[in-house]
Number of protein chains: 2
Amino acid sequence: MDTEDEFLIGPTHRELLDQVLDKWSLSVLSELCERPCRFNELRRAIPQVTQKSLTATLRRLERNGVVEREVVSTRPVAIRYRITPLGKTLRPPIDVLLAWASANMPAITRARDAFDLREEESRMGG
Amino acid sequence: MDTEDEFLIGPTHRELLDQVLDKWSLSVLSELCERPCRFNELRRAIPQVTQKSLTATLRRLERNGVVEREVVSTRPVAIRYRITPLGKTLRPPIDVLLAWASANMPAITRARDAFDLREEESRMGG
DNA sequence: AGACCAGGTTTCCCCATGGATACCGAGGAC
DNA sequence: GTCCTCGGTATCCATGGGGAAACCTGGTCT
């Protein structure tokens, strides 16, 4: 974690993006953007995620100040996760990214098909 | 790769982002945005990347239609990688993301420190 | 007392990513 | 001929992320 000579885009940025854009973060974030959720609410909302991964994701997001963990001292204690102001600032960038993905998915699919075809051809008649 | 029931943000989008925002893509992309580069130019520009990883990154980006591989039939054949028009459309979203990262890095660092401190305290006096 | 839910933690395991290293064929440079 | 560069491919191995599943500590219900 030493900050020696860094090149463009720096490991620091990359690491941050890895923490915030990892496999389940986007789903969790998009869920928490609509309303605060309890742990098992999130599990039900994102059935594919395992407890372990959800816990890890929430901890990571919490550590980076993107979500808050609130222990509600009601009768049997509830845990409520909510997005922070900092977390909210993350939406626009993500939305831009997802918009790009949506808009260009067809072009990308075409590119992939073309690439795979070329590859296959070169394997056959190469 | 079957498209069964998908939830918000879809695996499709996630997978795409994984392909395009992986460890070395940002560096390669930022390099190719300035000028077309040959393989070993890229290696020299991004010394940390290994041949294997650079090859993999370029193939992946090529497959997704983001960069082009051009075989220049000069005397000893050169390979020139350049960004495609589709690839260029990727810049704004990435820039927005990096701008977010830069702008909020201090807040995030503070959040991490606070989190780590809380954790340590709870381990000590828990 | 037994069953059940919330909110996890822990353990085990698999497999994909990535680094390091070696090799390789073609084409100059000496 | 010998060495170097270019543009890779092939191989080995370590690390780590993520899934499955068990366990656990409350608290409620009945």
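Atom set for the values below is all heavy atoms of this structure, side chains included, hydrogens, waters and symmetry mates excluded. Keep in mind that this is a model prediction, so the values were computed, not measured. Chain naming here is simple, since letters A, B, ... match the order of the sequence lines and numbering starts at 1 in each.
- Using a 4.0 Å cut-off, some side-chain N or O of A:R44 falls inside it from OP1 or OP2 of C:dA6.
- Of the candidates C:dA20, D:dC6, D:dG18, the closest approach to any side-chain atom of B:N40 belongs to D:dC6.
- Spacing between atom CD of A:Q48 and atom C1' of D:dA20 amounts to 16 Å, rounded to whole angstrom units.
- The distance between atom CD of A:Q51 and atom C1' of D:dG18, rounded to the nearest whole Å, is 14 Å.
- The residue A:R43 sits apart from the nucleic acid: no heavy atom pair falls under 4.0 Å.
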Grab the N/O contacts between the protein and nucleotides 11-17 of chain D below 3.5 Å, and write none if there aren't any.
none

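- Listed nucleotides: C:dG18, D:dG7, D:dG18. Nearest to the side chain of A:S53: D:dG18.
- The closest side-chain donor-acceptor pair between B:S53 and B:T50 falls under 3.5 angstrom.
- If you check every strand for non-hydrogen atoms under 4.0 Å, A:R80 touches nothing.
- Comparing D:dC6, C:dG27, C:dG8 by their closest approach to the side chain of B:P76 singles out C:dG27.
- Contact check for B:L16 versus A:I108: side-chain heavy atoms found under the 4.5 Å cut-off.
- For A:T55, whose side chain is taken as the heavy atoms from C-beta onward, the closest listed nucleotide among C:dG19, D:dG19, C:dG8 is C:dG8.
- Of all nucleotides listed (C:dG8, D:dG8, C:dG18), C:dG8 comes nearest to the side chain of A:R59.
- Salt bridge annotation for B:D18-A:K23: absent, with no cationic side-chain nitrogen under 4.0 angstrom from a carboxylate oxygen.
- With sequence neighbours excluded, the residues that form a side chain to side chain contact (heavy atoms under 4.5 Å, CB included) with A:R43 are A:F39, A:N40, A:Q51, A:L54.
- Residue A:Y81 places at least one side-chain N or O closer than 4.0 Å to OP1 or OP2 of C:dG8.
- Tested against B:E68, the residues B:L61, B:T84, B:L86 include a single side chain to side chain contact (heavy atoms under 4.5 Å, CB included) partner, B:T84.
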